[in-house]
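For clarity, every value in this text was computed on a predicted model and none was experimentally measured. Below, read A as the first sequence line, B as the second, and so on, with proteins coming before strands; counting in each chain starts at 1. Both backbone and side-chain heavy atoms feed into the values below; hydrogens, waters and symmetry mates do not.
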There are 2 protein chains.
Amino acid sequence: MSDLLERLRGRGWRMTAQRRVVAEVLNGEHVHLTADEVHARAVAKLPEISRATVYNTLGELVTLGEVLEVSTDKRAKRYDPNAHRPHHHLVCARCGAIRDVHPTGNPLADLPDSERFGFTVSDVEMTYRGLCPNCASA
Amino acid sequence: MSDLLERLRGRGWRMTAQRRVVAEVLNGEHVHLTADEVHARAVAKLPEISRATVYNTLGELVTLGEVLEVSTDKRAKRYDPNAHRPHHHLVCARCGAIRDVHPTGNPLADLPDSERFGFTVSDVEMTYRGLCPNCASA
DNA sequence: GCTTGACTTAGACAAAGTCCATTGTAGGAT
DNA sequence: ATCCTACAATGGACTTTGTCTAAGTCAAGC
């Protein structure tokens with residue numbers, strides 16, 4: 001976590017209380033929070049932080065590649081602090097719980113040229129859907 | 001297209017002018033429209049149709065499995081009338097163009113049990129990202 | 001300890017979608 | 001053919017998620 005702050009400082013980031021708090025929230029719990037949840041947790045640590053700042057900071061972290069935006073749920077973007085190991089997601093269709101997963105195989109190779117329509121394909125994002133143990137038993 | 005209307009009627013759907021128009025819009029163009037675009041096209045055919053009705057009808061079509069919700073873009077849901085042949089999506093990172101694609105392989109089999117966390121996994125959604133020929137040459 | 005430009009703030013604004021009370025109507029019953 | 005009624009549509013207020021702006025604040029270099 002302090003390494004994250006180090007990296008950011010190394011990139012010429014001006015370190016402010018607000019940015020530190022946002023970075024701490026993301027590093028603290030390895031879950032996938034929405035911007036609003038990040039804001040709520042940030043407010044708990046620094047009451048006067050504003051919504052705009054949280055949005056700005058999240059946006060900067062995404063630009064810097066320190067955090068990923070995930071949109072498994074169609075309501076709000078979620079932020080994934082685990083940006084350094086590529087991975088996909090497994091989402092509970094009922095409660096929305098998200099886990100990081102690492103499928104085998106190379107999905108990029110599974111898209112034949114004839115299915116590329118001239119696109120330069122650079123990335124795949126896979127979202128597995130199902131029911132988590134809790135929701136399945138309910 | 002009339003088969004869509006037939007199927008719906010067969011399922012006890014009450015057929016109204018509004019629903020017919022929405023179904024026609026979706027069947028007419030095999031592109032991925034946002035709810036607002038559907039609404040705009042529906043208004044062209046039936047000026048007094050309301051936004052809420054379009055949203056309701058789209059939601060019902062999704063529930064009935066006649067149409068898929070796609071959220072490749074994080075702004076708005078898009079609706080994919082091609083619900084009967086399973087497929088994935090290829091999205092241009094710059095202009096947002098979407099194509100349906102059919103990768104080879106079975107991505108569900110690529111998720112080992114150890115990566116399922118007790119979930120009952122039923123579905124995968126793959127989004128390939130890249131640049132379309134137009135945007136790549138620009 | 002100043003200065004300065006980057007950062008933060010609050011609140012207005014915007015886009016996408018939902019809710020609800022009221023009005024309308026499809027389709028079965030008569 | 002007409003009537004009934006449950007289901008559907010309407011429109012406008014509301015909510016959620018996110019962006020923008022003008023003015024104030026402060027981290028860091030000197």
Figure out the [atom1]/[atom2] separation between [X] and [N], and round it to whole Å.
X	N	atom1	atom2	value
A:R20	C:dC7	CZ	P	14 Å
B:R19	D:dC7	CZ	P	11 Å
A:L46	D:dC26	CG	P	11 Å
B:W13	C:dG28	CH2	P	17 Å
A:L8	D:dA27	CG	C1'	15 Å
A:M15	C:dA6	CE	C1'	13 Å
B:I49	D:dA9	CD1	C1'	9 Å
A:R11	C:dA6	CZ	P	19 Å

[X] side chain N/O closer than 4.0 Å to the phosphate oxygens (OP1, OP2) of [N]?
X	N	value
B:T16	D:dC7	no
B:R9	C:dA26	no
A:Q18	C:dT9	yes
B:R14	C:dG28	no

Considering only side-chain heavy atoms of [X], which listed nucleotide, [options], is closest?
X	options	result
A:R51	D:dT10, C:dG17, D:dT17	D:dT17
B:Y55	C:dT9, D:dG18, C:dG17	C:dG17
A:A52	C:dA6, D:dT10, D:dC20	D:dC20
B:S50	D:dT10, D:dG18, C:dT18	D:dT10
A:K77	D:dT19, C:dC7, D:dT10	D:dT19

Test B:L61 against every option in B:N56, B:L8, B:L68 by the side chain to side chain contact (heavy atoms under 4.5 Å, CB included) rule and name the one that passes.
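Result for side chain to side chain contact (heavy atoms under 4.5 Å, CB included) with B:L61: B:L8.
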Can B:E66 and B:R11 be counted as an ion pair, charged N to O under 4.0 angstrom?
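Yes, this pair counts.
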Could you pick out which residue, A:N56 or A:T34, lies toward the 5' side of DNA chain D when each is mapped onto its nearest nucleotide?
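Result of the comparison: A:T34.
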Cluster link B:L90 to A:M126, ILVMFWY, side chain under 4.5 Å:
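Yes, B:L90 and A:M126 fall within the same hydrophobic cluster.
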If you define the side chain from C-beta out and look only at heavy atoms, does anything of A:L58 sit under 4.5 Å from A:L26?
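Side chain of A:L58 against side chain of A:L26, heavy atoms only: contact under 4.5 Å found.
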Knowing that exactly one of A:R85, A:H88, A:H32 qualifies, which makes a side chain to side chain donor-acceptor pair (under 3.5 Å) with A:D100?
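That would be A:H32.
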